[in-house]
Amino acid sequence: MPMGDRNRSLNMIRQIREILAASDPSQSRLDKLVEIIAHNMQTEVCSIYLHHADDQMELWATKGLAAGAVHQTRLAPGEGLVGEVVRTSSPVNVQNALADPRFSLQPATQEQGFLAFLGVPVLRSGRLLGVLVIQDGVERLFSPEAVEALQNVAMILAEIVASGELLSPADLDEVEVRPLRPLHLHGKTIVEGMAMGQAVQFEPHVVGHSRLTDDPDHEIERVRTALDELQQTLDRLFVGKGHAFGEPTREVMNAYRMFARDQSWFERISAAASSGLTAEAAVERVRGEYRQRFLKARDPYLRERLHDLEDLANRLLRHLGGVTEARDLPENTILIARNIGPAELLELDRSRLRGLILEEGSRTSHAAIVAGAMRLPVLGSLPGLLAHVNEGDTVLLDGELAELRVRPAPETESSFVERLRVRQQKRAAFSALRDQPAISIDGQKIELLLNAGLLIDLPHLADTGADGIGLFRTEFQFMLADSLPKQADQTELYAKVLEAAGNKPVVFRTLDLGGDKVLPYVSQEREANPALGWRAIRMAVDRPGMFRYQLRALLHAAAGQTLRVMFPLVSTVAEFAKARQILEAEFARLKRFGHADLPTELEIGCMIETPALVWQLDDLLPMTDFVSVGANDLMQYFFAADRENIRVSDRYDPLHPGAVAMLRQIAETASRHNVPVSICGEMAGRLEDAAVLMALGFRQLSVPASAIGPLKQMILSLDIHDLAEQLQKWLQDTVPNIRKNTRKFVKKASSKP
Ligand code: PEP
Ligand code: MG
């Protein structure tokens, strides 16, 4: 930024500080603010429009337009050049407004004489609070420096408006920016549950007056140093030596390269600091700009990169703040994040965490599965959430209704507390059923098994009364470790699991890596379609080194008892045969070498996770001791809808007649071959889905711990035979709605005395 512009910008920021420090009424502070901006920007007009709750833009203060228009002039959504700034969330710089077709003349403002127009959005964390405008009599385009300076002022303005420093909440009653307005948002339940607590943003956020500085050179130096440190840390991480901030993902490394090589990131931040922002505020300002740009990108790959950019900016902010350790959470934390990884989640102090709310997040993602194991309610699919919630706000997370209340009214809060109490009572009712077998009223015995993968899952075996572990996801240990777990560590974990289970059966699923489950310490080529890529059993049979280690660990851990093992993501009978042969060869080898600590018996099963395998069941079943349907993946491949992509992950109903026909085929073929079949995707834990599965013939459901109580309660009132008959009828309907019909059926059954 040229020296003259820089001084002007600094001078303006100094004067803004003085206004903030004074104790004048808010309107007069705003009036002074527009005056200072107009003076420093050397323009005839400066106006502030704020976003009204009804989506209109209201003129709140002006220097240069008719004073009588203040609070009277309102622009409809999208109206005029101000509307264009709102629509694009970017600056609008116009040489001659009167000649621009988008211009909407507001007679009350008497703005006919002003030709040059520059409007910039007042944004805070992606939420538009208002528009800051300068106008001038001469026909001209504002310089890039002027646009930059006005954006900086807008950023400061956003922060002070949102923090209530400039306007009191009473002044903002009608205006969207009022920080205390209650909010009611709808999302999707990712992990069932209800929680009340205070909002804590997962990502660091710069607040308040620490945004302005008198010493830009010092701030630029701080940015430079922090960036150097960040680069060094990332370099170290890349070669695997040390990890102050947790393991970076491959994408972060790519993003790092992209931004570090492209000097413009640093230059943009320095320019923002030059004009009087602190280093932290400058990073946020530039992050906001990139965010807007990336969000507009059509290319999903670029949009995905936004996550990496956010991560980098957070890392940089942490370096600036000298923060190197995980933060302490307050009591009753409800964590708010754009997205979160499974390892990040486990690093948090569970005793203080009540719930998790994500802007993104999908039900079958691994973070969701870990949260389920932690019994942590999670709500997702709330775009723009971070912009709506302030640190410390009271939040009500309602997984029953898939909604979120922020800053609730007292009546809302008390009815929520009442519902929480009722839930507690229900929970108590579930635990009273703990030792009762799950037998339907038509006498069918259902085995309710647990999905597990972590040590924290093991106590659930006892407290839910589950019949065993139907799926132990062994890759979680690998994903959470800093380096490849040694064979002895693997044996230790498996032995603990078997010990906790006692006489109850445990099915270990061998490593299901690749796809979205990438190990940071193992280099793997990036694939265009990881879900369809080189993963799970494909890796195991191609490069059996790691697979064999795991099989040995399992064989040792199950000394003196039955070892049950199954293989993930099998697509052909040959793949299963190969994996089975490797396991049997390991067993034989250990026996040959005289190892005494071996299982008494092996049961080898196959997961059914690809539609291809459903058409090979007659060949597969004679070779397996049992099968287990991995419905998360099976549905993903059946409907060709990525389970990790929230835009499509819930698009197709697993109770669609097509999917039901496939599930029926599996259950019936397994029964014909007399091979035990279980189902372990997330759907097995949902009431309606589980009811249909039982009607199709499934008698073993492997589910998250929180589902066992509700399922057992449902089963005790269910006539499975009757439901199976009804299901046949519903399938004859012109447009069958199995979910709706099943819901009614289950509800009616449970309300019978
Ligand atoms: C599944 O795909 O349904 C399954 C149980 O395995 P995961 O969710 O671990 O892929
Ligand atoms: Mg799977």
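Atoms within a ligand are numbered from 1 in the order they appear, just like the ligands themselves. The first residue of the sequence shown is numbered 1, and numbering continues consecutively from there.
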For Asp512, counting its heavy atoms only, list the atoms of ligand 1 lying under 4.0 Å from any of them. 10 (O)
Please work out, at 4.0 Å between heavy atoms, whether the side chain, the backbone, both, or neither of Glu682 comes within that distance of ligand 1. neither
Ligand-side contact atoms (ligand 1) for residue partner Ala631, heavy atom cut-off under 4.0 Å: 3 (O)
Could Lys712 and Asp467 be called an ion pair, given the rule that one side-chain N must be under 4.0 Å from one carboxylate O? no
Kindly check if the number of other-residue, nucleotide or ligand heavy atoms within 6.0 Å of NE2 (His673) is above 12? yes
Heavy-atom distances under 4.0 Å are what count here, so tell me which part of Gln636 touches ligand 1: side chain, backbone, both or neither. neither
Sphere of radius 2.8 Å around the Mg ion (ligand 2) - protein N, O or S atoms inside: Glu609 OE2, Asp633 OD2
Closest by any non-hydrogen atom to atom 4 (C) of ligand 1: pick that one out of Glu475, Arg535, Glu609. Glu609
Test of understanding: given a 4.0 Å heavy-atom threshold, classify the contact between Asn451 and ligand 1 as side chain, backbone, both, or neither. neither
Is Gln636 reaching over with its side chain to a backbone N or O of Arg643, donor-acceptor style, under 3.5 angstrom? yes
I need the minimum non-hydrogen distance between Ile537 and Pro568, along with the two atoms involved. CB-O, 3.2 Å
Does Arg739 use its side chain to pair, donor to acceptor, with the backbone of Asp653 at less than 3.5 Å? no
Is NZ or CZ of Arg552 both nearer than 6.0 Å to the six-membered ring centre of Tyr549 and within 45° of the ring axis? yes
Can any side-chain N or O of Arg423 pair as donor or acceptor with the backbone N or O of Lys426 at less than 3.5 Å? no
Any donor-acceptor pair under 3.5 Å from Asn451 side chain to Cys680 backbone: yes
Going by an N to O cut-off under 4.0 Å, is there a salt bridge joining Arg564 and Asp625? no
I need the contact type for Leu471 against ligand 1. Using non-hydrogen atoms and a strict under-4.0 Å cut-off, is it side chain, backbone, both or neither? side chain
Please determine whether the number of non-hydrogen atoms from other residues, nucleotides or ligands lying under 6.0 Å from atom CD of Gln728 exceeds 12. yes
Do any N/O atoms on Asn632 end up under 3.5 angstrom from N/O atoms on ligand 1? yes
Which of the listed options, Arg473, Arg643, Met607, holds the heavy atom that is closest to atom 10 (O) of ligand 1? Arg643
